[in-house]
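Since we're looking at a predicted model, the values are computed, not measured. Here is the naming used below: chain letters follow the sequence lines, and residue numbers restart at 1 for every chain.
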There are 2 protein chains.
Amino acid sequence: MLSAYIRYLPSQNVKYVNKHAALDLIRFAPGGISRVALAQRLALTRAAVTSIVNDLIKTDLIRETKTRAPSNGRPPIILEINEERGCVAGVDMGASHLTVIVANFGAQVLAEKEQPFKIADGPEECIRQADAALRSLLSTLGLGLSDLSAIGAGVPGPTIASEGMVLAPPIMPGWDRFPIRDTLEKLWGCPVSLNNDAELGVLGEWAYGAGRGEQNLAYIKVGTGIGAGLFIDGQIYRGATGSAGEIGHMTIDENGPLCACGNRGCLEALAGGRAIVNLARTAIQSGRRTELSANPESLTAMDVSNAAARGDLVAQEVLAEAGNQLGIALTSLVNLFNPNIVVVGGGVAQTGDLFLEPIRKAVLKRSLPAAAHAVRITTSLLGKRSTGMGAVVQALSIALHKIAS
Amino acid sequence: MLSAYIRYLPSQNVKYVNKHAALDLIRFAPGGISRVALAQRLALTRAAVTSIVNDLIKTDLIRETKTRAPSNGRPPIILEINEERGCVAGVDMGASHLTVIVANFGAQVLAEKEQPFKIADGPEECIRQADAALRSLLSTLGLGLSDLSAIGAGVPGPTIASEGMVLAPPIMPGWDRFPIRDTLEKLWGCPVSLNNDAELGVLGEWAYGAGRGEQNLAYIKVGTGIGAGLFIDGQIYRGATGSAGEIGHMTIDENGPLCACGNRGCLEALAGGRAIVNLARTAIQSGRRTELSANPESLTAMDVSNAAARGDLVAQEVLAEAGNQLGIALTSLVNLFNPNIVVVGGGVAQTGDLFLEPIRKAVLKRSLPAAAHAVRITTSLLGKRSTGMGAVVQALSIALHKIAS
DNA sequence: AGCACTTTGTTAATACACTTGACAAAGTAG
DNA sequence: CTACTTTGTCAAGTGTATTAACAAAGTGCT
């Protein structure tokens with residue numbers, strides 16, 4: 001009720017807004033959408049929709065596909081995005097991995113690549129690696145940079161999207177206020193969007209993954225660090241300075257292990273990648289039988305995760321403990337935010353219920369009943385692609401809307 | 001960018017939306033607003049605004065007031081809400097107090113009343129008391145129920161505003177799914193809105209208090225319980241089932257005191273009204289010199305608060321400890337929500353910096369720097385009226401928009 | 001097979017609501 | 001007093017929707 005009217009402030013003319021709304025409705029509709037359904041969603045008449053859809057068909061961005069079996073009466077014609085209209089890329093520069101995805105306008109992945117990467121190497125070196133990876137991936141498809149209409153980029157720090165840079169990023173030394181977007185746009189010769197990796201994760205899961213179409217959604221990325229992307233009432237929520245969702249430094253245990261941020265007992269220090277490794281090492285040093293003791297010095301969280309999936313009891317206990325701590329932290333998020341769904345992503349989360357069940361138990365035990373019962377906690381459907389697919393969604397937003405204008 | 005177009009779904013014709021947006025802009029503009037400024041905010045021309053404003057003037061909801069001193073050129077005419085056009089009421093049914101406010105259409109308080117109250121007495125008894133208080137207050141103004149255009153009501157539980165009832169409220173026995181709004185509408189013969197008290201608190205502070213006009217705002221109410229209202233991107237944020245903002249049962253210390261909810265170490269058990277009393281009693285029993293030892297059995301949090309304001313060292317220490325615990329909890333909120341401002345309300349918070357300074361210290365120490373520096377932590381400007389004034393805002397929303405239709 | 005009915009999509013006339021361009025109104029400055 | 005500026009209004013023109021009617025593509029029944 002409050003200010004609902006003020007929110008409608010068209011900076012473009014009415015038809016422009018309606019056309020772009022229709023394009024987004026078509027794009028995010030699983031299985032396409034008919035003109036009649038568009039009219040309903042847009043609160044317009046069928047006649048108005050005819051005009052708008054005809055404009056979009058002229059741009060070749062959408063096309064008529066099959067008709068649906070009619071219940072009774074004329075079968076509706078289904079409209080979908082024309083996937084052959086062009087290509088975009090998503091570039092996920094993570095703390096320790098680089099993922100590059102090339103997709104068509106229908107958001108279908110044409111090729112992808114992941115490689116080791118250190119965001120801490122600084123902007124010039126990281127951009128050089130991302131560029132080389134992108135060009136290499138494109139060449140496997142017989143494509144070049146000029147075939148990309150737009151590119152979405154993700155980084156592990158708080159971004160000011162409008163400025164195309166990060167602000168005081170905790171784990172990105174040398175990147176503070178570096179003109180990331182402008183640099184990439186010059187290098188790649190097409191429009192680039194820049195977002196925080198967890199934001200893109202929630203976007204990817206909302207658009208095409210486990211949280212598809214949900215209204216209030218949190219995406220938790222469990223990696224070296226732990227971050228959350230928040231999707232509130234149909235929008236990414238960034239907060240006042242772009243740092244919303246910082247869950248990794250939530251105090252879980254005041255007397256817990258020292259965290260990289262300087263405090264004690266942060267979630268990251270209890271359930272992040274390093275914490276999982278440390279828990280495993282402690283168990284090894286106490287003489288527990290586990291396949292992990294083969295090489296404790298080079299242990300990774302993924303080693304623990306894989307061993308757990310293979311039935312290793314110690315690894316399973318470590319994951320359960322980390323899951324429990326994450327569940328304790330999620331109590332706050334669930335109580336404050338009251339989401340429909342929490343999607344847990346990152347490599348460790350792919351073990352599924354071994355990690356998720358302790359999370360669910362802790363949330364159910366510790367959250368208020370109303371919020372606990374309202375939330376579904378699930379693993380990512382996009383696997384390690386959540387952020388990369390979110391970057392693809394951002395790139396498509398730029399590309400499609402630009403062509404439609 | 002994402003779905004920005006889809007958000008514009010006018011369920012009314014365009015002029016209706018613009019007229020109501022103009023009304024809200026006028027209403028929430030401190031000191032009124034000119035037609036030229038309206039045109040800017042609405043992205044319309046001066047000519048279009050003339051037509052809209054003339055319609056609103058015909059309803060007698062707004063009027064032209066003084067002109068402002070011109071910098072150079074014609075002085076703009078200031079438009080304001082016509083405060084004499086009618087009256088509304090705000091009824092705040094809290095856990096232990098009932099507050100009733102009668103205000104005019106300009107949101108100026110004409111009369112108010114507060115009395116002891118127990119929400120746990122159940123809906124019939126509570127509604128009876130609220131009704132009597134409202135009628136009594138109106139009679140001091142020579143008014144009756146028929147003089148009210150609408151009424152806003154607040155309760156301390158998770159509300160589904162569209163249903164006009166509360167859902168599984170933790171501290172409101174007997175109220176679950178009771179048709180509160182429908183009952184009040186029949187009893188009072190005018191439209192009634194129903195909202196959670198913390199939601200109304202944040203609304204009141206946003207509209208007329210310390211958070212006026214802020215984009216991302218949290219209001220913390222420290223009473224017997226502790227709750228938060230969240231205001232995100234221009235809207236109250238309720239969550240999936242209306243329970244967003246439940247901060248009182250956030251785990252601060254796993255080994256802390258038992259909370260009424262059954263868990264240990266909840267914020268409410270460490271910093272709520274009962275916790276403050278318990279901390280004071282512990283100090284008394286350990287032999288500390290304090291004016292509070294005069295009558296420990298009937299001690300209230302307000303007694304502690306007032307003694308602290310008078311310089312009592314023990315009382316100040318108790319407040320500082322409660323403030324510290326609240327600050328620890330606010331770390332999570334600040335990290336997750338990255339607000340511009342946190343407004344702390346409720347009786348205890350009126351002692352000001354004695355309570356706020358420990359909060360600020362804990363937030364600054366424990367939150368990520370970006371979020372900690374972006375947030376201003378302040379006490380409520382509306383004092384104990386935050387929720388009641390939020391209820392007035394809701395009532396005005398109903399009344400003004402109905403007349404404008 | 002033909003007809004009645006239903007739902008979907010289109011067309012052209014009409015209605016609505018804004019913009020444009022010009023002018024009036026109310027100030028300041030020289 | 002004149003020139004200039006900003007604010008507010010008016011009427012003609014423009015943009016974009018709605019309405020009413022019809023065409024199109026099915027199902028179901030006789």
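Atoms CD1 (Ile62(A)) and P (dG9(C)) sit 12 Å apart, rounded to a whole Å. Rounded to whole Å, atom C1' of dA17(D) lies 16 Å from atom NZ of Lys19(A). Rounded to an integer number of Å, the gap from OH of Tyr16(B) to P of dA17(D) is 21 Å. Leu42(A) has its CG atom 14 Å from the P atom of dG9(C), to the nearest Å. A straight line from CG of Asn18(B) to C1' of dA17(C) spans 9 Å, rounded to a whole angstrom. For the pair Gln40(B) CD and dT19(C) P, the computed distance is 14 Å after rounding to whole Å. Residue Ile78(A) contributes atom CD1, which lies 13 Å from atom C1' of dG9(C) at whole-angstrom precision.
Closest to the Ile77(A) side chain, of the nucleotides dT7(D), dT19(D), dG9(C), is dG9(C).
Formation of a donor-acceptor pair under 3.5 Å by the Arg181(A) side chain with backbone atoms of Ala161(A) is found in this model. The backbone N or O of Ala404(B) sits nowhere less than 3.5 Å from a side-chain atom of Thr59(B) that would complete a donor-acceptor pair.
Salt bridge status for Arg385(A) with Glu205(A): absent, with no side-chain N to carboxylate O gap under 4.0 Å. One finds no salt bridge joining Glu80(B) and Arg63(B) here, because no Lys/Arg side-chain nitrogen approaches an Asp/Glu carboxylate oxygen to under 4.0 Å.
Side-chain atoms of Lys15(A) and Ser51(A) include a donor-acceptor pair closer than 3.5 Å. Side-chain contact annotation: Glu84(B) with Asn104(B), donor-acceptor N/O pair under 3.5 Å absent. A side-chain donor-acceptor contact under 3.5 Å links Ser397(B) and Arg27(B).
Residues of residues 46-58 of chain A having a heavy atom closer than 4.0 Å to DNA chain C, listed by number: Arg46(A), Ala47(A), Thr50(A).
At least one side-chain nitrogen or oxygen of Thr45(A) sits closer than 4.0 Å to the OP1 or OP2 atom of dT18(D). Look at Arg35(A) and you'll find a side-chain N or O under 4.0 angstrom from OP1 or OP2 of dT10(C).
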Steps toward salt bridge (Lys or Arg N to Asp or Glu O under 4.0 Å) verdict (Glu214(A), Arg376(A)): CA-CA 11 Å; Glu214(A) 295 280 352; Arg376(A) 178 161 55 101; 3.2 Å; yes
Worked check of side chain to side chain contact (heavy atoms under 4.5 Å, CB included) between Ile62(A) and Val53(A): CA-CA 8 Å; Ile62(A) 68 169; Val53(A) 166; 4.0 Å; yes
Nucleotides 24-30 of chain D: protein proximity per nucleotide (B base, S sugar-phosphate only, - neither; heavy atom, under 4.0 Å): BBBS---
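Between Phe28(A) and Trp206(A), the ring centre distance stays below 6.0 Å.
Looking at Phe231(A) and Asn216(A), their side chains never come closer than 4.5 Å, going by heavy atoms from C-beta outward.
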Under 3.5 Å, N/O pairs linking protein and nucleotides 13-15 of chain D:
none

